[in-house]
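Notes for the one structure printed next.
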Amino acid sequence: MASSAQSGGSSGGPAVPTVQRGIVKMVLSGCAIIVRGQPRGGPPPERQINLSNIRAGNLARRAAATQPEAKDTPDEPWAFPAREFLRKKLIGKEVCFTIENKTPQGREYGMIYLGKDTNGENIAESLVAEGLATRREGMRANNPEQNRLSECEEQAKAAKKGMWSEGNGSHTVRDLKYTIENPRHFVDSHHQKPVNAIIEHVRDGSVVRALLLPDYYLVTVMLSGIKCPTFRREADGSETPEPFAAEAKFFTESRLLQRDVQIILESCHNQNILGTILHPNGNITELLLKEGFARCVDWSIAVYTRGAEKLRAAERFAKERRLRIWRDYVAPTANLDQKDKQFVAKVMQVLNADAIVVKLNSGDYKTIHLSSIRPPRLEGENTQDKNKKLRPLYDIPYMFEAREFLRKKLIGKKVNVTVDYIRPASPATETVPAFSERTCATVTIGGINIAEALVSKGLATVIRYRQDDDQRSSHYDELLAAEARAIKNGKGLHSKKEVPIHRVADISGDTQKAKQFLPFLQRAGRSEAVVEYVFSGSRLKLYLPKETCLITFLLAGIECPRGARNLPGLVQEGEPFSEEATLFTKELVLQREVEVEVESMDKAGNFIGWLHIDGANLSVLLVEHALSKVHFTAERSSYYKSLLSAEEAAKQKKEKVWAHYEEQPVEEVTPVLEEKERSASYKPVFVTEITDDLHFYVQDVETGTQLEKLMENMRNDIASHPPVEGSYAPRRGEFCIAKFVDGEWYRARVEKVESPAKVHVFYIDYGNREILPSTRLGTLPPAFSTRVLPAQATEYAFAFIQVPQDEDARTDAVDSVVRDIQNTQCLLNVEHLSAGCPHVTLQFADSKGDVGLGLVKEGLVMVEVRKEKQFQKVITEYLNAQESAKSARLNLWRYGDFRADDADEFGYSR
C-alpha cells in the first residue's frame, strides 16, 4: 500500500501485526472493502480487506448470463444498510488496517480503523454497535477486541438497533430492477430533471453503472458527448487497454465510484442511457475532456443539455496543451500566422453554394470554402440527360436558391473569416475529380454564421467525419443542430414538396434567338439584371430574372482595351490596361443587381446597351477612370455629354489609357447646326404635385396599376407587422416609409434631419414633401424597395416659358396650374434636357390644349425664346400668344410692357 508502519514491542512478546494504510476505493459489502494506495505514474495497487470476527448480510447478485437456469439472488435483510453505513463513512477516506489472517486462497481478514493509526474508530465495532453486523458464530470472547464486540452486540440488542429491531427486516431489502422495458419512455418521463444515484461500477472513463434512487434501477450510463479510451476484449477473454484507458478509468473512479451524485438522463442508446453526471465538485464530462482523457463524439454531443460549446472548449483546452490522448496533436491551422487565421475581407464573388472569393486588405484575392458543409448535388446517375450539358447552378435542385441566398447576403459586404483547416490537394480517382488545396473557414457577417444560416434553410448539408478527423468547422455542433431543425421543419433539400425547376434560356451567342428577343428588351426600357460573369471591362454575361434568360451584354458608347485571347496556334496579347479594366468592372458589378438598357445587337447575337449600378452608368465610370475611350457611336445617346466630360477630365489627369495624351491645337471651326425635326411623342401621365417654382411631378399611367398593387401589398404587410414607434433612426438619403396626414403609409426618402422631431421627407411616388417626427417613420421593407418598383414621381419643368420672379405673380401662375392640372391625367412630350430636369410640353388629355401656351395666353408667364431650328414653329406660336396677352393687358401685362426699363428689377430679360 501507500505506506506501512511496524509497531514496536518487546522481543519476547507475541508478534504485533503490521499497521498499513490506504484509501478506501470501494465498499463491497457490510464486511468487505477495497483499499488503494497513492497513484504514482499510473493507477495505484489495490487489495481487498475483509473484517475479522463479524458477519454482515450478503448483497443481491444478478444471475450469470451464461447460466440460464440460475436466478437472481436478492439482498439479505440489513445487508444494504450495512453497505451504505460503510460507504458513507469510508469512501475516499484514509484508513489504517492490520491483517490478522490470510486464507490459502489469498483472502485477507483484519481490523480496519478510520484515520492514520489504530486510535481511530474501529469499523467492525461501529457496525456491530449499530446492529448492522453480528459476531461470527462460535467466536469466543478470549481477547480484548472480541470482548468489545460482544459488549457492542449486547448494547445493540438492548437498544433494538438494526437487525435487533422488531420485524424481519424485509423493508431493508431492495427491489432491484436490472432492465428497463422502454428506455426511451423512461428517459423522457424524467424530463431532464436530476435523478439521485450512486455510482456502483466504473467500466471505463466515460461508462458507469449507476443505482438510480429511490426506485433502485441499476442502469448503464454513458456520458453524453464524449468517449474515453476503452479496454478491448481479446479472443481469449483478456482485456487490452487502449492508451490512457486505465488512467481515464482511475480518474473517474477516484472521483465518482460509490459517491452520491445526480444524473441528468438525456437520451438512450439501446439499453444504455446517455446522461450527464453532476457532483458537488464539478462536471466529470468536462473534467475528462479538459484533462485530455476523452474526446468529443458527434453522435451524442447534441443531447448534452449543458451546451455542446462547453465540451468543445474543454477539448480545445486539452488539445492546445497536448495533454494525454492529444500528446501528438497538431492543429489544422498550426502552420498559419495569426493574421492568416482570422481576418476581415470583402466578398467579391459567390462560387456555387459553398465557396466565396474575398478581397483581402492587401488587395489579393482568396477563395474561401465554407467549413463542413456540402452544397446541393445531383442524386443518382440517371438524373441528367447525357446529351445535355449540365449547368450546375440551374440544373441541380436548390443550387440556385443557395447561391442567391449567399449573393444577396454577402456580395460587396465585409465579412469575418476564421480559418478552421486547410484541406490538402487530392489527385483524381476513377470516381472523384482532382481537388486543389482548399482553405476552409467559418464566415460570419453581423454575428451570423453564414454556413449555419445556409444549412438551417435546407440549402446545404453537413459533412459527417470520422471520429478522429479534426479537420472540421469550429462551430460543427451548431451546424448539426441547424441541419436537425431544417430536417424537422422540412426546409429546402429536406422538403417533401416538388423541387424547384429553373428553366433558364441561354441566348448568348444565339443570333436567331437574340433577334427575336431584341424588340422586347428595347421596349422594356430599363430591365433588372444580375451580372453572372465579367469577360472583360466592357463584355459581361447577364441573367435577366423576369425574362429568365442569360445574355451576353456589351457596354455601349465606349472603346475598352481588349484582353488577351487564345487563337488557334497563338496567344494574342491583351492591350495595355485591359486587365485593370476587367478588374474594375468585376469589383464594381460582378454578381450585383444592375439595370440595363438594350439599344441594339451585334452580328454575333450580343446585346449592346447601357448598364447602371446604383444609379451610375458603367460606361461613364470606365471613361472617368481612364480605362476606356468614348466611341463615336455614343453621339446619338443621351449619355454623350456625360461621357465627353468624363473623358475630358481623364485626359487632363494623363493616366492609364491617356498617359501619352497630348492636346491638339484648337482650330476655329464655324459650327454648322444640323437642322432637326421637333419630336412630338406624347405619353399619358398623371400629375401629382406642383411645386412653388412651377415644376411638377408626374406618374407614368402605364405603371400606375403596379404602384397601386405595391401600395396595397405594402400596407397589408405593415398592418400585420407594424413598425415599433420610435425604433427607426432616420439618415439623410435613406429610403423609408412615412405616415401621411391621411393616416396611410407611403414610400419616402429622408432629405434632411434637423432633429428627431423634425425630419424632412420626400414622397418618392407622388413628389410632395413634408416635415415629420421620426415616430411617423419606419424602415422600408425590402420587398417594396425601389429595386422592386422604381420611384414613380418624375420631376419636369415647362418648356419655352419663363417663371415670374415676382412672388405674387409666380403664385398666380402656380395657382392656375394647380387648378387646371393637379391630380388629372395629361399628355407629356419631352422637348429638351436641362441640368435640373427635362423640359416638356403638357397637353390636356381631353382637349389636347397646350397647358404652357395657356399660361402665356393668360399673361401669367413670359416666353423663353430658344434658337434651335426645330423649335421655331412652336416658339412663334408662343410669341403670338404673348402679344395677344400684352394687347389685352392681362396679369403680367396689366401695366403694359414693363421689360424695357424694369427688366432687371423684375428679373426678366428679352
Side-chain angles (χ1 to χ4, degrees), residues 25-34 46-51 54-87 91 103 105-107 132-134 136 163 167-187 189-190 195-204 206-222 230-239 249 252-253 256-261 263 265 268-275 277:
K25 171 192 168 181
M26 188 176 183
V27 175
L28 298 173
S29 68
C31 56
I33 65 171
I34 292 178
E46 302 172 357
R47 64 201 283 191
Q48 179 178 328
I49 310 297
N50 302 282
L51 289 169
I54 68 165
R55 183 189 178 282
N58 291 324
L59 291 168
R61 289 176 70 88
R62 191 179 183 186
T66 54
Q67 299 173 4
E69 300 297 321
K71 292 185 177 180
D72 297 340
T73 307
D75 288 334
E76 290 183 2
W78 297 99
F80 184 63
R83 200 289 300 259
E84 285 296 274
F85 177 79
L86 291 190
R87 182 182 70 82
I91 284 294
T103 66
Q105 293 79 26
R107 181 171 286 196
L132 299 173
T134 61
R136 283 194 177 273
M163 63 179 67
N168 58 8
S170 59
H171 66 283
T172 65
V173 177
R174 296 172 295 169
D175 177 18
L176 276 173
K177 303 169 188 73
Y178 296 103
T179 56
I180 300 171
E181 283 186 17
N182 188 337
R184 168 62 61 190
H185 178 264
F186 181 78
V187 169
S189 67
H190 286 85
V195 178
N196 292 326
I198 301 167
I199 305 301
E200 294 291 351
H201 175 67
V202 176
R203 194 174 82 192
D204 61 49
S206 56
V207 180
V208 300
R209 194 90 167 131
L211 182 67
L212 303 185
L213 304 175
D215 298 322
Y216 299 118
Y217 282 99
L218 200 57
V219 297
T220 299
V221 177
M222 305 168 75
T230 58
F231 296 83
R232 229 177 21 255
R233 190 175 291 279
E234 305 296 344
D236 60 358
S238 63
E239 288 188 338
K249 181 181 178 182
T252 302
E253 270 184 349
L256 294 186
L257 184 59
Q258 289 197 332
R259 268 43 169 217
D260 291 310
V261 297
I263 303 178
L265 309 182
C268 63
H269 178 67
N270 300 328
Q271 273 285 324
N272 301 326
I273 287 173
L274 289 166
I277 300 174

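All of these numbers come straight from a predicted model, not from anything done at the bench.
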[X] versus [Y], closest heavy-atom pair with distance:
X	Y	value
C31	L86	N-CD1, 4.4 Å
G30	A82	CA-CB, 3.9 Å
R136	I54	NE-O, 3.5 Å
I263	A210	CD1-CB, 3.7 Å
D75	R174	OD2-NE, 2.6 Å
T172	G169	OG1-O, 2.6 Å

Do [X] side-chain atoms and [Y] backbone N/O form a donor-acceptor pair below 3.5 Å?
X	Y	result
N50	A32	no
D236	S238	yes
N272	V221	no

So, taking the atom named [atom1] in [X] and the one named [atom2] in [Y], what distance separates them when rounded to the nearest 0.5 Å?
X	Y	atom1	atom2	value
F186	E181	CZ	CD	12.0 Å
I180	I273	CD1	CD1	4.0 Å
H201	L257	NE2	CG	8.5 Å
L218	I198	CG	CD1	10.5 Å
Q48	M26	CD	CE	10.0 Å
H269	M222	NE2	CE	5.5 Å

Between I199 and T252, is any pair of side-chain heavy atoms under 4.5 Å apart? no
pair D260-R87: side-chain heavy atoms closer than 4.5 Å: yes
Check this for me: [X], atom [atom1], are more than 12 non-hydrogen atoms of other residues, nucleotides or ligands nearer than 6.0 Å?
X	atom1	result
H185	NE2	no
R107	CZ	no
E239	CD	yes
R259	CZ	yes

Stepwise, does the side chain to side chain donor-acceptor pair (under 3.5 Å) test hold for S29 with R83? CA-CA 5 Å; S29 68; R83 200 289 300 259; over 6 Å; no
Evaluate side-chain contact (heavy atoms from CB on, under 4.5 Å) for E200 paired with Q258, printing each intermediate quantity in order. CA-CA 5 Å; E200 294 291 351; Q258 289 197 332; 4.0 Å; yes
Stepwise side-chain contact (heavy atoms from CB on, under 4.5 Å) test for L211 and F80: CA-CA 12 Å; L211 182 67; F80 184 63; 4.2 Å; yes
